[in-house]
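Inspection log for the structure reproduced underneath, given as structure tokens.
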Amino acid sequence: MVTIYDIAKKANVSPMTVSRVINHAPSISEATRRKVEAIIQELDYIPNKQARSLTSKETKIVSLVIPDISNPFFTTIARGAEDKAHQFGYQLLLGNTDEQADKESRYIDMLLSAQVDGVLIAPTGEPSLVHLRKLAKRKVPFVFADRHVDGIAADLVMGDNAETTRKLVAHLVEQGHRKIALINGPDTASNARERRQAFTDALILNGLQWAPEDIIETHFRQDNFPDIVRSLMSLTLSGRPTAILAANNFIGVNTLRALREMNLRVPEDIAVACFDDPEPIPDYNPFLTVAAQPAYDMGFIGMQMLIERIEGKAPAAKRKVLLPSQLIIRKSTQQDVE
């Protein structure tokens, strides 16, 4: 393996000079820089990132930690984050937590060991507080994407949960629905709490009644959706809903599947709408009405905010960016839409 000592010998300079060229030190003459860079290219030398970090205090490596790589929403966030990181000369490490706080904690420990320059993270929920404090204690910059954690200050880029929920509820009300149920994520996740609050606020704003059994808390990734939907469709005290609002695309798709198993037609028997736009669903008609969040922009802007923190270009005050969603009306809520 080629080392800086090989480069130094061939260029007839000291190893320190080679190190300064690699780290773009300004004290090297242009002629020396060109000579060393030519030999680096000739010998196909790849600088050791960890060795460089000992002198520069930077690895030029950032991380994105997301809760579900199988969800198209988060893969699109990753695409935006990677594009922005690459634009600024950073490499991206990706971590997938599967919505598990203990797995997230192990990733944080690994990233600290790898001495990454910063972390863009969609935390699993409130249990994330303990290991996020590790980043803060080590002074590793981090930015929240999609979700945040109470009790710890950081820059945040996310969808406008309140406005998006109002849009979805208003659409369902316009279609004549007066009994709407919510299948939500876990209350430990900030976006689930915000969507629940916005949902009840929107119902009250539209003069509609709701009962606690109209809102079911579930897992963003996996759960027994046939049982969940069956429980909603068997409500008697508060009445059976005529529409279901799903808190993310995974919940929305699995709600459709559960309704199909029950031989219930969508939207004739019950309407369904959800947050985020899923991948095309084979064999499913109608397609879902959704509030599509700008996931790519979320990753792109979040990474920009992170790099500004890393490079000392961000303001002292923590920033919060709310991104609007786009309501896309399809057949799951309106029969006459293609």
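Positions are given from 1, in the same order as the sequence printed here. When reading the values below, keep in mind they use all heavy atoms of this one structure, side chains included, and skip hydrogens, waters and symmetry mates.
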Heavy-atom count check: over 12 atoms from other residues, nucleotides or ligands less than 6.0 Å from [X] [atom1]?
{"X": "Q209", "atom1": "CD", "answer": "no"}
{"X": "D102", "atom1": "CG", "answer": "yes"}
{"X": "R193", "atom1": "CZ", "answer": "yes"}

TODO: Check each of D109, D68, D98 against K103 using the salt bridge (Lys or Arg N to Asp or Glu O under 4.0 Å) test, and report the only one that passes.
DONE: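 Single pass found, and it is D98.
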
Task: For R147, the option from E194, E126, E99 that meets salt bridge (Lys or Arg N to Asp or Glu O under 4.0 Å) - done: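 Going through E194, E126, E99 one by one, the salt bridge (Lys or Arg N to Asp or Glu O under 4.0 Å) with R147 is satisfied by E99 alone.
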
Salt bridge or not between [X] and [Y]? Use side-chain N to carboxylate O under 4.0 Å.
{"X": "K9", "Y": "D6", "answer": "no"}
{"X": "R166", "Y": "D201", "answer": "no"}
{"X": "K84", "Y": "E308", "answer": "no"}
{"X": "R34", "Y": "E30", "answer": "yes"}
{"X": "R240", "Y": "D269", "answer": "no"}

Beyond-backbone contact of [X] with [Y], side-chain heavy atoms, under 4.5 angstrom:
{"X": "I310", "Y": "P141", "result": "yes"}
{"X": "V290", "Y": "P278", "result": "yes"}
{"X": "P67", "Y": "T97", "result": "yes"}
{"X": "K134", "Y": "S105", "result": "yes"}
{"X": "L111", "Y": "V140", "result": "no"}
{"X": "I7", "Y": "V21", "result": "no"}
{"X": "M305", "Y": "V321", "result": "yes"}
{"X": "Y45", "Y": "I22", "result": "yes"}

Return the [atom1] to [atom2] distance between [X] and [Y], rounded to the nearest 0.5 Å.
{"X": "N191", "Y": "H148", "atom1": "CG", "atom2": "NE2", "result": "8.5 Å"}
{"X": "I180", "Y": "W210", "atom1": "CD1", "atom2": "CH2", "result": "13.5 Å"}
{"X": "L120", "Y": "R309", "atom1": "CG", "atom2": "CZ", "result": "13.5 Å"}
{"X": "I183", "Y": "T255", "atom1": "CD1", "atom2": "OG1", "result": "3.5 Å"}
{"X": "E104", "Y": "T124", "atom1": "CD", "atom2": "OG1", "result": "4.0 Å"}
{"X": "N96", "Y": "F74", "atom1": "CG", "atom2": "CZ", "result": "9.5 Å"}

Is there a path of hydrophobic side-chain contacts, each under 4.5 Å between heavy atoms, that joins [X] and [Y]?
{"X": "V130", "Y": "L135", "value": "no"}
{"X": "I40", "Y": "M16", "value": "no"}
{"X": "V116", "Y": "M110", "value": "yes"}
{"X": "I121", "Y": "L129", "value": "yes"}
{"X": "M262", "Y": "L235", "value": "yes"}

Open item on the list: Whether R257 engages the ring of F225 as a cation-pi pair (distance to the six-membered ring centre under 6.0 angstrom, angle to the ring normal within 45°) should be assessed.
Closed with: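 Relative to the ring axis of F225, which defines the angle, R257 lies outside at least one limit.
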
What's the shortest heavy-atom distance between [X] and [Y], and which atoms?
{"X": "P127", "Y": "T188", "result": "CD-CB, 4.3 Å"}
{"X": "K60", "Y": "D117", "result": "N-OD2, 2.6 Å"}
{"X": "A292", "Y": "I328", "result": "CB-CD1, 3.9 Å"}
{"X": "L92", "Y": "M303", "result": "CD1-CE, 3.7 Å"}
{"X": "V62", "Y": "A85", "result": "CG2-CB, 4.1 Å"}
{"X": "P186", "Y": "A192", "result": "O-CB, 3.1 Å"}

TODO: For the pair F144 and F142, name the ring-plane relationship: parallel under 30°, tilted 30 to 60°, perpendicular over 60°.
DONE: perpendicular

Open item on the list: Any side-chain to backbone donor/acceptor pair from T333 onto A271? Under 3.5 Å, distance only.
Closed with: no

Open item on the list: Could you check whether any side-chain N or O of S63 sits under 3.5 Å from a backbone N or O of V119, counting only pairs where one atom can act as donor and the other as acceptor?
Closed with: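 Side chain of S63 to backbone of V119, a donor-acceptor pair under 3.5 Å: no, none is there.
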
Open item on the list: Applying side-chain contact (heavy atoms from CB on, under 4.5 Å) to L156 and R319, what does each step give before you reach the verdict?
Closed with: CA-CA 6 Å; L156 165 65; R319 299 162 292 178; over 6 Å; no

Open item on the list: I'd like to know whether D214 forms a side-chain contact (heavy atoms from CB on, under 4.5 Å) with L203, so could you lay out the CA-CA distance, the side-chain angles of the two residues, the decisive distance to 0.1 Å, and finally the verdict.
Closed with: CA-CA 12 Å; D214 298 332; L203 292 180; over 6 Å; no

- [ ] May I have the step-by-step check of side-chain contact (heavy atoms from CB on, under 4.5 Å) for F73 and M298, ending in yes or no?
- [x] CA-CA 10 Å; F73 173 73; M298 201 175 292; 4.0 Å; yes

- [ ] Let me see the working for I215 and T200 under side-chain contact (heavy atoms from CB on, under 4.5 Å), right down to the final yes or no.
- [x] CA-CA 9 Å; I215 301 175; T200 57; 3.7 Å; yes

Open item on the list: Go through it in stages, so that I can follow the logic: the residues are E217 and N184, the test is side-chain hydrogen bond (donor to acceptor under 3.5 Å, both in side chains), and I'd like the CA-CA distance, side-chain angles, deciding distance and then a yes or no.
Closed with: CA-CA 5 Å; E217 179 181 323; N184 200 21; over 6 Å; no

Open item on the list: Does either side chain, that of T164 or that of Q293, offer a donor lying less than 3.5 Å from an acceptor on the other one?
Closed with: no

